[in-house]
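Structure record follows, encoded as structure tokens.
Chain identifiers are assigned alphabetically (A, B, ...) following the order of the sequence lines, protein sequences preceding nucleic acid strands; residue numbering begins at 1 within each chain. A quick note: this is a predicted structure, and the numbers were derived from the prediction, not measured. Just so you know, these numbers use all the heavy atoms, side chains as well, and skip hydrogens, waters and symmetry mates.
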Protein chains: 2
Amino acid sequence: MLVARITLAKTDANCLDCPIRHRAVCASCTSSELEELNRIRQYRTWKAGETIAWAGENMSFVGSVVTGVATLSSTLVDGRRQMVGLLLPSDFLGRPGRGEVSYDVVAATETTFCLFQRDQFERFLSKSPSIAKELLEKTLDDLDSAREWMLLLGRKTAREKIASLLVMMARRDGALHRNEPGDGLVFPLHITREAMADYLGLTVETVSRQISAMKRDNVIQLMDTRTIRVPDFNRLVEQSAASSGFEDAHHALPETTAKRA
Amino acid sequence: MLVARITLAKTDANCLDCPIRHRAVCASCTSSELEELNRIRQYRTWKAGETIAWAGENMSFVGSVVTGVATLSSTLVDGRRQMVGLLLPSDFLGRPGRGEVSYDVVAATETTFCLFQRDQFERFLSKSPSIAKELLEKTLDDLDSAREWMLLLGRKTAREKIASLLVMMARRDGALHRNEPGDGLVFPLHITREAMADYLGLTVETVSRQISAMKRDNVIQLMDTRTIRVPDFNRLVEQSAASSGFEDAHHALPETTAKRA
DNA sequence: CGAGCACTTGATCGCTTTCAATAGCTGTGG
DNA sequence: CCACAGCTATTGAAAGCGATCAAGTGCTCG
């Protein structure tokens, strides 16, 4: 599995060098605020497949993904599972004012967080309007993403679901920015077919079949099972049944600074 | 098309008499803050079926539902529609910092909002940490609701979806608190079968069939098409495939003050 | 009393799931 | 180095659930 082999968490490094410095909740902190955060923060890394928190558990910390990918998912009593969120670098985990976590949080790849004790963070939050504003902004973005996904889960066909996921992955990867050197758009999936199925509300078999079908139709090609090449991105977008609305406007022209795809 | 016909509102009433006074974003405002809000707020009412805002449109105001029910929904190019949220009294509509609305907002019943000009509200927000905190809290609740609904849309059967909706409606109605006088639990649905279908990612036919089936199995009874009687609430809950997690803990014992079911 | 709408019910179709087998890849130990 | 275990992924065949197409019922309001 593509393990992002991690060099030790440099807790002693400075916030100013942080890879998510300008996108995380701390993005608009003043330098004195940053200094304080710097004192109370802590890096921690989970290996791919490790569970970071179980639904219902009490989590004493909150924080941001620095590197890696983590998933949020819910499970029904009989084991049916649905992914309800994906945490990427700069995304925030945890709810101020509530320790109990609502979903299983699992590291999909090796994942490093920048963590704070929840009570310490809450104290900081109440003193710092800038971080509160960023957190609200992020939460609203998450809400928009969740609702966009509701449309996908409730109304899209299997084919459209896969296409939508690929579009999202491509945009988020920022692959669209590297100019296409004639050999199309190439980007990695990071996650297993099972995780894709959990995300899309499908079975692995259906995911696999639809990917094969899109390959047959030459909408995509597989470099290896987890690396996609797209000859014509617009054709992929067409197959994703993009909504008639305008809610895509904010990430239609993806930018490295885009919040969430 | 349905143009927002506005009946006059009693803008002259005082915030202190407001029915959502203790649950809306203004819940923890100081009395001087309330006075200011009182000056800049405005009531406005839409009739059932009227569209409050179209996806993509620019909305110059934000505000809270005072009475009534409004729906948020997304539409695909070919007309497939998915409801992505339900606005009930005390729920907030609008996104500070962004005028463009992401979904169609439609009054399901006659609905009255307490509105603010967006720029005025934003100015107020940046001065008032208490209202900012309430808004963050509400947004986090909305996010939890949306994710719970993702599980329903992605993994539950038609029967389970209907049962889940009924459980939610019953809890939200607060019907559970009125003691059961032996004649079971009775509560209104407010919405049409079509709205139910849009919410659950089903067709009207399937909704209708499942309701009939549950009637046959004596899980529910219909007083009229939009009033449900439940002889044994636990049996209904069982059929809703409540998740194994604990994310229900916060509304498991429904309270009149519960944020969102 | 009839038009329009919400809802119900029936028959059939087809997409996705389920069940089952196979292929491919990776790492481990003889 | 190869054999084999354990995964992940693919493919096939069959079944089932919800969608679609099509009437028909019942209620409300003019």
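Distance NZ (A:Lys161) to P (C:dT16): 8 Å, rounded to an integer number of Å. Remark: C1' of D:dC17 and CG of B:Leu200 are 16 Å apart, rounded to the nearest angstrom. If you take CG of A:Leu153 and P of C:dT16, they are 13 Å apart, rounded to a whole angstrom. Taking atom CG of A:Asp224 as the reference point, atom C1' of D:dA9 lies 12 Å away to the nearest angstrom. Between the C1' atom of D:dG26 and the CZ atom of B:Arg193 lies a distance of 13 Å, rounded to the nearest Å. Atom CG in A:Leu222 sits roughly 18 Å away from atom P in D:dT8 (whole-Å rounding). Straight-line distance from the CD1 atom of A:Ile162 to the P atom of C:dT16: 10 Å, rounded to whole Å. Between A:Glu194 atom CD and D:dT10 atom P the separation is 13 Å, expressed in whole Å.
Using a distance-only test at 3.5 Å, with no hydrogens or angles considered, no donor-acceptor pair links the side chain of A:Gln82 to the main chain of A:Thr75.
With hydrogens and angles ignored, a donor-acceptor pair under 3.5 angstrom links the side chain of B:Arg209 to the base of D:dT20. For a distance-only test at 3.5 Å, the side chain of A:Glu205 qualifies as a donor-acceptor partner of the base of C:dC19.
Ion pair A:Arg235/A:Asp217 not flagged as a salt bridge, since none of the NZ, NE, NH1 or NH2 atoms sits closer than 4.0 Å to an Asp/Glu carboxylate oxygen.
The residue A:Ser208 sits close to a base: some heavy atom pair falls under 4.0 Å. At the heavy-atom level, A:Ile211 lies nowhere under 4.0 Å from the strands shown. Contact annotation for B:Gly201: backbone-only contact, meaning every heavy-atom pair under 4.0 Å involves sugar-phosphate atoms and none involves a base.
For C:dC7, one of the phosphate oxygens OP1 or OP2 lies less than 4.0 angstrom from a side-chain nitrogen or oxygen of B:Arg226. Listed pair A:Thr225 / D:dT8 fails the phosphate criterion, with no side-chain N or O lying under 4.0 Å from OP1 or OP2. Put simply, A:Thr206 has a side-chain N or O that comes within less than 4.0 Å of OP1 or OP2 on C:dT17. In this structure, A:Thr157 does not reach the C:dC15 phosphate: none of its side-chain N or O atoms is under 4.0 Å from OP1 or OP2.
Classification of the A:Trp46-A:Phe113 ring pair by plane angle, with boundaries at 30° and 60°, yields perpendicular.
Comparing C:dT9, D:dT11, D:dA19 by their closest approach to the side chain of B:Ser212 singles out C:dT9.
Residues A:Val204 and A:Arg155 both approach DNA chain D. Their nearest nucleotides, taken by heavy-atom distance, put A:Val204 toward the 5′ side.
Proximity of B:Ser74 to B:Tyr103: side-chain heavy atoms (C-beta onward) are separated by under 4.5 Å at one or more points. With contacts defined as side-chain heavy-atom distances shorter than 4.5 Å, the pair B:Met168/B:Arg171 does not qualify.
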